[in-house]
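Down below is the structure, laid out as structure tokens.
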Amino acid sequence: GSEAASEQGQEEEVEDRLKEHMDSLLDKSAKARQAALQSLRLALSSKTLSEFLLERRLTLSDSLEKCLKKGKGEEQALAATVLTLLCLQMGSGPEGEEVFRSLKPLLVSVLTDSTASTSARQSCAMALGMCCYIAAADLE
């Protein structure tokens, strides 16, 4: 009994931290946004959070869109990596497809922007490929 309660407490703590990181993606400071992206990358790559993310996928994808649009270099690269992990967590169902479809044009835009940093373009290419493989319904 106490083990289950302890586990649930830990899960709630993790979710609270994730909510804070998601809120920090909207911070005015680029450093704060980058730190939040790094924390989200770590969390999404180390734990299955599909239930938590299912309810917040639109909020998170909107925040990632802002980071990709307004950010530079490292921030764009991190945002593309977090997007890839979000697609992995959402899977090949309609939710993953929705996230991919909404951000695909922006990934292509950063990828083809010759003024964008190499790391940002590389991460966007990786995100485009992985998300397309996982979540694209259209075979083309």
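Just so you know, these numbers use all the heavy atoms, side chains as well, and skip hydrogens, waters and symmetry mates.
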Atom [atom1] of [X] and atom [atom2] of [Y]: how far apart are they, to the nearest 0.5 Å?
X      : Y     : atom1 : atom2 : result
Leu85  : Met90 : CG    : CE    : 11.5 Å
Glu95  : Arg57 : CD    : CZ    : 5.0 Å
Glu97  : Ser92 : CD    : OG    : 9.5 Å
Ser123 : Leu83 : OG    : CG    : 10.5 Å
Leu37  : Ser24 : CG    : OG    : 10.0 Å
Ser102 : Asp62 : OG    : CG    : 7.5 Å

Shortest non-hydrogen separation from [X] to [Y] and the atoms involved:
X      : Y      : result
Leu68  : Ala80  : CD2-N, 4.1 Å
Leu111 : Ala125 : CD1-CB, 3.6 Å
Gly91  : Ala135 : O-CB, 4.1 Å
Leu49  : Ala43  : CD1-O, 3.8 Å
Thr115 : Asp113 : OG1-OD1, 2.6 Å

Practice problem: Report the C-alpha separation of Leu106 and Leu64 in whole Å, then their side-chain angles, then the decisive distance to 0.1 Å, and conclude whether the side-chain contact (heavy atoms from CB on, under 4.5 Å) test is met. | Solution: CA-CA 10 Å; Leu106 191 53; Leu64 292 173; over 6 Å; no

Exercise. Say whether Ser119 and Ser117, considering side chains only, have a donor N or O and an acceptor N or O under 3.5 Å apart.
Key: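 Note: Ser119 and Ser117 side chains meet the donor-acceptor criterion.
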
Practice problem: Might you confirm whether atom CE of Met22 has over 12 heavy atoms from other residues, nucleotides or ligands at distances under 6.0 Å? | Solution: yes

Quiz prompt | salt bridge (Lys or Arg N to Asp or Glu O under 4.0 Å) between Glu15 and Lys19, intermediate numbers included | solution = CA-CA 6 Å; Glu15 289 181 2; Lys19 288 175 190 172; 5.2 Å; no

With clusters defined by side-chain heavy atoms of hydrophobic residues (ILVMFWY) lying less than 4.5 Å apart, directly or transitively, does [Y] cluster with [X]?
X      : Y     : value
Tyr133 : Val82 : yes
Val14  : Leu88 : yes
Leu44  : Leu42 : no
Leu86  : Leu40 : yes

Self-check item: Pair Arg33 + Glu75, salt bridge at N-O below 4.0 Å
Solution: yes

Quiz item: Hey, mind stepping through Val99 and Leu60 against side-chain contact (heavy atoms from CB on, under 4.5 Å) and telling me if it holds?
Solution: CA-CA 9 Å; Val99 167; Leu60 183 53; over 6 Å; no

Self-check item: Any side-chain heavy-atom pair of Leu25 and Lys66 under 4.5 Å
Solution: no

Quiz item: Mind checking whether Phe100 and Ile134 have side chains closer than 4.5 Å, heavy atoms only?
Solution: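 They are not in contact (no side-chain heavy atoms under 4.5 Å apart), so the answer is no.
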
Quiz item: Can you tell me if Ser109 uses its side chain to pair, donor with acceptor, with the backbone of Pro105 under 3.5 Å?
Solution: no

Exercise. Keeping the roles fixed (side chain from Arg56, backbone from Phe52), state whether a donor-acceptor pair exists under 3.5 Å.
Key: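 Yes, Arg56 side chain to Phe52 backbone: donor-acceptor pair under 3.5 Å.
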
Practice problem: Applying side-chain contact (heavy atoms from CB on, under 4.5 Å), run through Leu78 and Cys67 and close with a yes or a no. | Solution: CA-CA 9 Å; Leu78 285 165; Cys67 290; over 6 Å; no

Practice problem: Applying side-chain contact (heavy atoms from CB on, under 4.5 Å), run through Thr118 and Arg121 and close with a yes or a no. | Solution: CA-CA 5 Å; Thr118 306; Arg121 294 174 73 188; 5.8 Å; no

